[in-house]
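The structure appears right after this line, and notes come after that.
All chains are named by letter (A, B, ...) in the order of the sequence lines, taking the proteins before the strands, and each is independently numbered beginning at 1.
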Amino acid sequence: MTSLPTSTDRKLGLVIDLDTCVGCHACVISCKGWNTENYGAPLSDQNAYGADNSGTFLNRVHSYEVQPEEGAAQLIHFPKSCLHCEDAPCVTVCPTGASYKRVEDGIVLVNESDCIGCGLCAWACPYGARELDQAEGVMKKCTLCVDRIYNENLPEEDRQPACVRTCPSNARHFGDLSDPDSDVSKLVAARGGMDLMPEQGTRPVNKYLPPRPKDAMPEFDVLAPFLEPVAEEPKGFLGWLDKALEKI
Amino acid sequence: MHPAPSVIFFTTFSGLGFGLLVWLGLGYPAVTGWTAFVFFAIAYAMAVGGLLASTFHLGRPERAIKAFTQWRSSWLSREAWCAVGALVIMGLYAAGLVFAGTRIAPLGILGAILSLATVFTTSMIYTQLKTIPRWNMSITPVKFLVLSLAGGALLSGQVQAALLLLVIAGVVQGLTWIMGDKALEASGTSLKTATGLGGAGSVRSFEPPHTGTNYLLREFVHDIGRKHSQKLRLISLVLMAGVPILLLILPFNHFFALLAVVSHVAGVLIARWLFFAEAEHVVGLYYGKR
Amino acid sequence: MNQPVIDLSPKVSDEVRKTTCYMCACRCGINVHLKDGKVAYIEGNKDHPVNQGVLCAKGSAGIMQVNAPSRLRKPLKRVGERGSGEFEEIEWDEALKIATDWLEPVRRKDPSKLAFFTGRDQSQSFTSFWAQNFGTPNYAAHGGFCSVNMAAAGIYTMGGAFWEFGQPDWDHTKLFMLFGVAEDHDSNPIKMGIGKIKKRGARVIGVNPIRTGYNAVADDWVGITPGTDGLFILAMVHCLMKAGKIDLNYLAQYTNAPVLVNEDEKSPEYGLLMRDENGKELVIDRVTGKLTPFDQPGVRPDLSATHREAGVTHRPVFHKMADMYLSDDYAPENVADRCGIPAKRIRAIAAELARVAFEESFELDHSWTDFRGEKHDKMIGRPVSFHAMRGISAHANGFQTCRALHTLQIILGTVEVPGGFRFKPPYPKPATAHPKPHVGMTPGGPLNGPHLGFTHGPEDLALLEDGTPARIDKAFTWENPMSSHGLMHMVISNAWAGDPYKIDVLFMYMANMSWNSSMNTRGVIDMLTDKDESGEYIIPKIIYSDAYSSEMVAYSDLILPDTTYLERHDCISLLDRPICEADAAADAIRWPVIEPDRDVRGFQSMLCDLGARLKLPGFTNEDGSQKYADYGDYIVNHERRPGIGPLAGFRGANGDKSGRGEVNPHQLEQYIENGGFFVEHIPEGSNYYKPWNTAYQDWAVEMGLYDKPMPYLFSLYVEPMRKFQLAAEGHGDRQPPDHLRQRIIDTMSPLPVWYSCEEENRASEFPVTALTQRPMAMYHSWGSQNAWLRQLHGHNPLYLPTKLMRENDLSDGDWATVTSPHGEITVPVLEMAALNENTVWTWNAIGKRKGAWALEENAPEATRGFLLNHLIHELLPPKGDGLRWANSDPVTGQAAWFDLKVRITKAATADEAQPEFAPIRSPVGTGPKNLTWKVGK
Ligand SMILES: Nc1nc2c(c(=O)[nH]1)N[C@H]1C(S)=C(S)[C@@H](COP(=O)(O)OP(=O)(O)OC[C@H]3O[C@@H](n4cnc5c(=O)[nH]c(N)nc54)[C@H](O)[C@@H]3O)O[C@H]1N2
Ligand SMILES: Nc1nc2c(c(=O)[nH]1)N[C@H]1C(S)=C(S)[C@@H](COP(=O)(O)OP(=O)(O)OC[C@H]3O[C@@H](n4cnc5c(=O)[nH]c(N)nc54)[C@H](O)[C@@H]3O)O[C@H]1N2
Ligand code: SF4
Ligand code: SF4
Ligand code: SF4
Ligand code: SF4
Ligand code: SF4
Ligand SMILES: [Mo]
């Protein structure tokens with residue numbers, strides 16, 4: 001079971017738009033809320049009201065500064081959860097078979113009742129997408145909300161991951177990346193969606209849309225015609241005004 | 001990586017224990033009866049003790065048995081099989097020596113192979129990890145095997161072999177450090193590839209996702225000063241190979257032999273601490289910690 | 001492969017109850033999923049007009065909020081010294097008896113001896129009604145320290161403001177310019193809007209010294225020098241006017257630009273607008289060339305023509321604007337250095353505004369009729385929109401800066417047009433349609449009218465006969481004549497100083513005044529605990545209602561524990577701060593979706609009880625019995641005017657009327673059935689040009705927003721300001737004290753001006769500006785009790801620009817001492833490159849007092865977290881004139897949080913951020929060690 005399926009029927013995943021993510025952490029907390037109450041053991045918190053507090057999260061938002069050669073530094077908010085890799089090293093290292101990639105949709109999951117909490121899958125994941133729950137002793141990771149996306153107890157429109165549903169700025173998109181006609185595939189094509197750490201050979205399903213070029217407003221020289229003075233002095237201006245008013 | 005005592009003890013002592021079993025399996029020294037019992041007892045204490053130590057870092061040790069299921073794909077699972085195989089076969093072999101005073105050579109050789117295989121599978125658990133370039137080198141299993149054999153030779157009193165193997169071990173260990181220091185860069189993984197943001201300029205981690213700590217930081221991000229690590233490397237090399245070699249060159253003396261073993265074990269423990277503490281997991285890049 | 005079979009359709013919950021989120025004033029709709037009667041999961045309500053299903057981090061973490069270990073459990077009576085945190089739990093009956101015994105004599109003898117102030121309040125129309133019935137003039141909510149500059153500047157200028165009271169036309173705008181916003185009240189809609197326009201590839205320009213959040217996703221970032229936005233904006237006004245890139249038709253038809261101004265320097269009317277006998281502003285009609293009231297049918301007001309009458313010249317406002325803004329003082333080259341923006345960049349942005357507003361203009365096929373009776377078959381879109389918040393308003397020049405921004409959008413013709421900025425009902429509403437402040441007291445009786453409002457000249461000031469302030473906070477006095485929201489941040493210091501007078505009872509609700517919402521935190525703590533010679537506290541009695549164990553609890557004598565937001569009724573009313581959208585009127589409720597497991601009472605319900613015990617007329621029946629059983633009863637049965645109550649939806653006996661209608665006894669049930677809210681869409685064709693659109697005006701009257709149509713002109717020129725100036729120049733019988741005359745003349749210009757606040761804050765010695773920003777995932781002080789959120793922001797480093805890091809030889813994790821004219825703190829630092837090079841900043845309100853919020857004493861919030869508030873004083877540093885000037889806007893009294901100037905030096909590594917305060921005793925203990933939260937099995 002720990003072997004990877006040679007292919008999956010679909011490749012469900014997320015597309016994250018780094019151009020619009022405002023770093024609000026809404027996805028982080030809605031993920032925590034849904035997954036604490038649903039799939040497997042609750043996501044526990046240690047020292048919840050004290051020092052050195054920490055807890056299990058399946059999705060975390062980093063932030064990076066990019067300093068271009070010229071011009072102002074930029075700040076990019078960077079959400080990260082499991083990328084549901086096609087060549088998921090976290091699956092093949094697992095000694096128990098708890099970690100597996102679903103044949104039907106490519107979702108990488110941990111079967112908690114088989115997990116011995118050896119941590120090896122987390123060691124194998126380059127993205128920091130797996131966290132060993134300190135209370136339960138089993139590995140937790142993004143489930144792509146497998147218990148939402150097919151859930152018949154939810155209205156059709158809500159059958160999407162909690163983080164996608166909640167994202168206020170619409171920076172998260174969910175869909176089938178094996179279907180070139182899906183919205184997510186089109187978005188990836190249009191915006192140059194990229195893989196994280198391609199050299200690790202994990203072939204992530206999730207894609208990131210790079211930020212659009214920043215601080216790229218045309219120079220004033222180009223825009224100058226829009227500010228051609230009608231007059232230099234208040235007096236001249238009032239003269240212009242009179243003429244301009246004639247016309248309206 | 002977080003240098004957890006459990007894994008340091010596990011790798012060090014199981015390496016030594018299985019190394020000793022290799023020598024015993026091959027009939028060096030050719031012992032029987034109570035002497036054999038003592039040798040095997042030492043080997044089993046180390047190997048089994050090491051394996052037990054390794055279960056301390058499991059979140060669910062009571063389910064450890066499940067680790068046997070994935071031998072087709074998982075090095076950890078293979079290690080489990082090899083270890084049990086080696087221990088069972090060597091147990092029968094030892095019984096022959098201790099109780100019947102006979103050496104069933106094929107059993108010994110098979111046991112020796114399994115013991116070596118155990119060390120190899122252990123090393124492959126680390127070597128396979130692309131996420132830790134410092135481990136992801138073909139010299140890593142060589143190092144584990146050589147150290148295991150050298151330690152085994154030392155424990156089994158194979159002075160000539162030990163001398164040779166200690167020299168090789170020292171050299172291999174040195175090489176892994178030299179190569180390891182370049183491994184992260186050579187892997188091509190950097191904050192730029194991790195974020196894909198390199199195109200626009202230089203990338204710097206600004207704020208971590210949480211002001212508090214988390215499992216990833218505890219497990220994968222361990223900062224050790226360069227000066228500190230150079231000093232420890234030297235100490236480890238001296239204790240692991242230098243001192244034992246010196247003591248072995250001196251006329252044989254039981255006390256010196258004991259000292260050589262102690263020194264070697266101490267050196268390997270330090271090296272193992274460094275093996276983990278110095279290992280840069282690429283996830284640290286996301287936290288600006290590389 | 002045979003893979004595990006998992007349950008793909010687990011039951012989500014037993015029941016979903018729809019109510020309204022509370023964690024900020026955005027007030028999103030939420031679906032509360034319950035299992036076994038307990039909250040299991042909270043998500044956004046897809047049908048809700050505000051959030052359409054999305055939810056922020058705070059909203060999703062509501063489950064940790066309603067279950068926080070810091071919740072108060074029972075009324076508390078102080079037994080130790082104030083500030084010790086020693087309390088005794090008492091029964092509600094005793095608590096209410098104590099409150100009644102304290103308040104009854106105050107009301108009978110001198111109601112002004114009660115100061116009743118409410119903080120993060122979402123029921124101001126109710127609490128002010130209570131205070132009015134009590135009869136004290138001393139009531140306000142927190143707007144004065146929050147963003148009154150934004151509200152007042154918007155309402156005086158254009159009858160509505162940014163804040164949560166309006167929004168860009170997200171569906172049509174092509175250029176969105178955002179000034180000084182980190183999060184704001186409309187937080188989810190702003191994020192949704194930014195997402196929308198980014199999807200269309202429209203441009204976002206962020207003006208902010210700090211590039212995080214919205215400014216990080218902005219296509220262009222203007223890292224302006226704090227406090228100089230007014231200058232930058234007026235420089236763009238200069239460029240646009242000079243280039244004639246202004247919407248002349250819009251200015252002529254819909255603003256007071258053509259209204260004539262008296263130019264006779266000697267006249268007591270100098271600078272006042274010309275009006276007819278009915279008070280209507282006069283313009284010259286371009287068609288007839290005649291003087292005429294602005295609103296007559298067919299009038300085409302002339303922006304240019306002057307008028308001479310009785311020897312006095314009258315020039316249109318627009319002439320004065322030309323005189324002022326075409327001056328070289330506002331040329332980009334002359335402001336560039338001050339603003340820290342190159343002149344070419346200022347011009348480029350102005351040109352881009354002009355290009356998009358006029359070249360990308362478009363039309364919507366909606367016909368409409370304006371207030372002059374003229375029919376238009378199209379609506380002209382100007383797809384440039386603006387939004388701004390405290391970054392420009394929390395400065396002492398904030399009122400004028402906000403006005404400058406409104407001037408910019410008005411000359412571009414982008415307010416209330418497609419693609420521009422639009423009001424949300426009940427706005428637009430001219431300043432004159434709001435009440436004026438009332439301070440008429442009768443011992444034992446109610447106040448003569450609402451406390452807060454808009455002044456239109458010296459005659460409206462809240463002064464006593466002898467000219468001293470009528471209100472404890474000195475609102476509506478010469479020091480801040482247009483302080484429409486009161487000055488909550490001055491209450492404690494004024495009451496302590498007995499200036500203007502002493503009080504007997506301080507009654508506060510939902511404001512952490514001994515900590516993060518005060519300036520000069522240590523000083524405030526001292527004032528709260530200070531005693532007179534006889535050993536009595538100088539502020540004798542403090543009653544406080546909080547739901548949690550906040551820092552303020554320790555400084556109160558009587559604690560009335562509130563419920564949490566899922567355990568009570570609340571009303572988000574059109575009379576107050578509703579949840580409307582630009583296209584719809586909407587209001588909402590909260591209702592008890594779970595029962596409290598503690599002996600606590602909803603504050604408003606408690607006020608119904610207390611009001612009856614005090615025999616307040618609005619809360620007592622004729623037979624002396626309690627009028628409203630609880631807040632739910634009030635919400636349904638109270639009527640402000642006949643047919644108009646707290647809720648606009650489901651009115652009338654059958655619940656089929658909207659806006660106006662008789663009381664509906666089943667109103668709350670119908671709200672609940674509808675998802676906790678009510679929405680009424682503005683018909684197409686009525687939803688733009690609202691201040692002048694007859695169809696909208698009629699709709700608003702029908703909805704009960706107004707009693708009659710009230711079209712009005714935007715006030716580029718704010719005449720009431722001129723009236724205060726005139727008084728300062730010596731006209732009229734209500735005269736300001738001499739020391740304030742010049743300041744009033746300088747700062748109350750009826751056309752927006754910019755002035756520097758640097759000197760007062762001693763910028764030459766303290767050259768660095770220190771700011772705070774709201775973290776998107778925290779709400780002021782109260783997010784820290786939330787086990788999930790506090791992992792995101794458990795402490796708050798001070799972010800320094802690269803230049804200051806190098807200059808001071810600092811690296812990440814080092815400690816620095818930050819000194820202001822008022823104090824000193826020592827805090828950990830982190831480097832940030834995307835930051836104005838003379839600005840440092842930190843997240844707001846993360847620092848906590850040891851012992852508060854049920855946190856352990858070594859929690860990082862209390863050891864590394866810190867407040868900038870220790871560095872900010874409610875008074876400016878002494879100027880040597882013997883007077884202490886307030887650290888607030890001279891027009892509105894808005895607290896000038898962001899004028900703070902500091903100096904940075906490297907400090908030795910410290911264990912804890914300084915200053916350190918002694919722990920307070922927690923009335924609720926501390927929370928559990930670990931959490932494995934799961935409600936269902
Ligand atoms: N340095 C600096 N200081 C600032 C600002 C800044 O930008 N910089 N911003 C200022 C601004 S704009 C504001 S508005 C203030 C905000 O400051 P505050 O108004 O003090 O806001 P909170 O800290 O949220 O405190 C509100 C109190 O309400 C309590 N509370 C929460 N929920 C309930 C409830 O359901 N019922 C009751 N009865 N109580 C409840 C909380 O426990 C808390 O004690 O801070 C101001 N202070
Ligand atoms: N998540 C969350 N949301 C909240 C709150 C909260 O505590 N948490 N609080 C609510 C409250 S009470 C309020 S008042 C609103 C306030 O909402 P905001 O107005 O967004 O409040 P601040 O976070 O104070 O942000 C002020 C911004 O102005 C910038 N700034 C400071 N000085 C200048 C300047 O001179 N020029 C310019 N251009 N920018 C400047 C700062 O860098 C900062 O980004 O938010 C409300 N919403
Ligand atoms: S919810 Fe959306 S905008 Fe917020 S941090 Fe997550 S991805 Fe970014
Ligand atoms: S992101 Fe990590 S955990 Fe997820 S599939 Fe890839 S390797 Fe596995
Ligand atoms: S922690 Fe669990 S899932 Fe991960 S490798 Fe070990 S057994 Fe497999
Ligand atoms: S898909 Fe579900 S589990 Fe994965 S990050 Fe989003 S909310 Fe969390
Ligand atoms: S923005 Fe967040 S905290 Fe504010 S009301 Fe909406 S969900 Fe609640
Ligand atoms: Mo505020």
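- Here the side chain of A:D45 pairs no donor or acceptor atom with the backbone of C:A787 at under 3.5 angstrom.
- Formation of a donor-acceptor pair under 3.5 Å by the C:N930 side chain with backbone atoms of A:N47 is found in this model.
- The most heavy-atom pairs under 4.5 Å with chain C, out of A:I149, A:N38, A:L109, come from A:N38.
- No part of C:F358 comes within reach of chain A, as not one of its non-hydrogen atoms sits under 4.5 angstrom from that chain.
- C:A862 does not touch chain A: none of its heavy atoms, backbone or side chain, sits under 4.5 Å away.
- When all heavy atoms of A:K101 and C:Q3 are compared, the pair lying nearest together is O-NE2, 2.6 Å.
- Among C:M192, C:K344, C:R355, the residue with the largest count of heavy-atom pairs under 4.5 Å with chain A is C:R355.
- With a 4.5 angstrom heavy-atom cutoff, C:K35 touches chain A only via side-chain atoms.
- Contact annotation for C:T212: both backbone and side-chain heavy atoms come within less than 4.5 Å of a heavy atom of chain A.
- Looking at C:N836, neither its backbone nor its side chain comes within 4.5 Å of chain A, counting heavy atoms on both sides.
- Within the 4.5 angstrom heavy-atom criterion, atoms from both the backbone and the side chain of A:E232 approach chain C.
- In this structure, chain C has no heavy atom under 4.5 Å from any part of A:I76.
- Using cut-offs of 30° and 60° on the angle between ring planes, the pair C:H793 and A:H25 is perpendicular.
- Side chains of A:F226 and C:E352 form no contact here, defined as non-hydrogen atoms less than 4.5 Å apart.
- Rounded to the nearest 0.5 angstrom, A:K32 NZ and C:W788 CH2 are separated by 6.5 Å.
- Chain A forms the most heavy-atom pairs under 4.5 Å with one residue out of C:E183, C:E359, C:K199, and that residue is C:E359.
- Counting only heavy atoms from C-beta outward, the side chains of A:N53 and C:P860 approach each other to under 4.5 Å.
- For a residue to count as touching a neighbouring chain, one of its non-hydrogen atoms must lie under 4.5 Å from one of that chain's; by this rule C:I246 touches chain A with the side chain only.
- Residue C:M324 does not touch chain A at all, counting heavy-atom pairs closer than 4.5 Å.
- When heavy atoms are compared at a cutoff of 4.5 Å, A:E136 does not approach chain C at all.
- Put simply, CZ on A:F237 and CG on C:L326 are 5.5 Å apart, with the number rounded to the nearest 0.5 Å.
- Neither the backbone nor the side chain of C:R300 comes within contact range of chain A; no heavy atoms are under 4.5 Å apart.
- No part of C:I63 comes within reach of chain A, as not one of its non-hydrogen atoms sits under 4.5 angstrom from that chain.
- The pair A:D17-C:K198 does not count as a salt bridge, with every side-chain nitrogen at least 4.0 angstrom from each carboxylate oxygen.
- Shown here for A:G50 and C:R790, the closest heavy-atom pair between the two residues is O-NH2, 2.8 Å.
- Using a 4.5 Å heavy-atom threshold, the side chains of C:D220 and A:K214 count as separate.
- With contacts defined as side-chain heavy-atom distances shorter than 4.5 Å, the pair A:E37/C:K934 qualifies.
- Ionic pairing of A:D215 and C:R211 is present here: one or more N-O contacts between side-chain nitrogen and carboxylate oxygen are shorter than 4.0 angstrom.
- Between the side chain of A:E65 and the backbone N or O of C:A834 there is at least one donor-acceptor pair closer than 3.5 Å.
- The parts of C:P928 that come within reach of chain A are both its backbone and its side chain, each placing non-hydrogen atoms under 4.5 angstrom from that chain.
- Between C:S304 and A:L245 the shortest heavy-atom distance is CB-CD1, 4.0 Å.
- Contact annotation: the side chain of A:I29 approaches that of C:L792 to within less than 4.5 Å [non-hydrogen atoms, C-beta and beyond].
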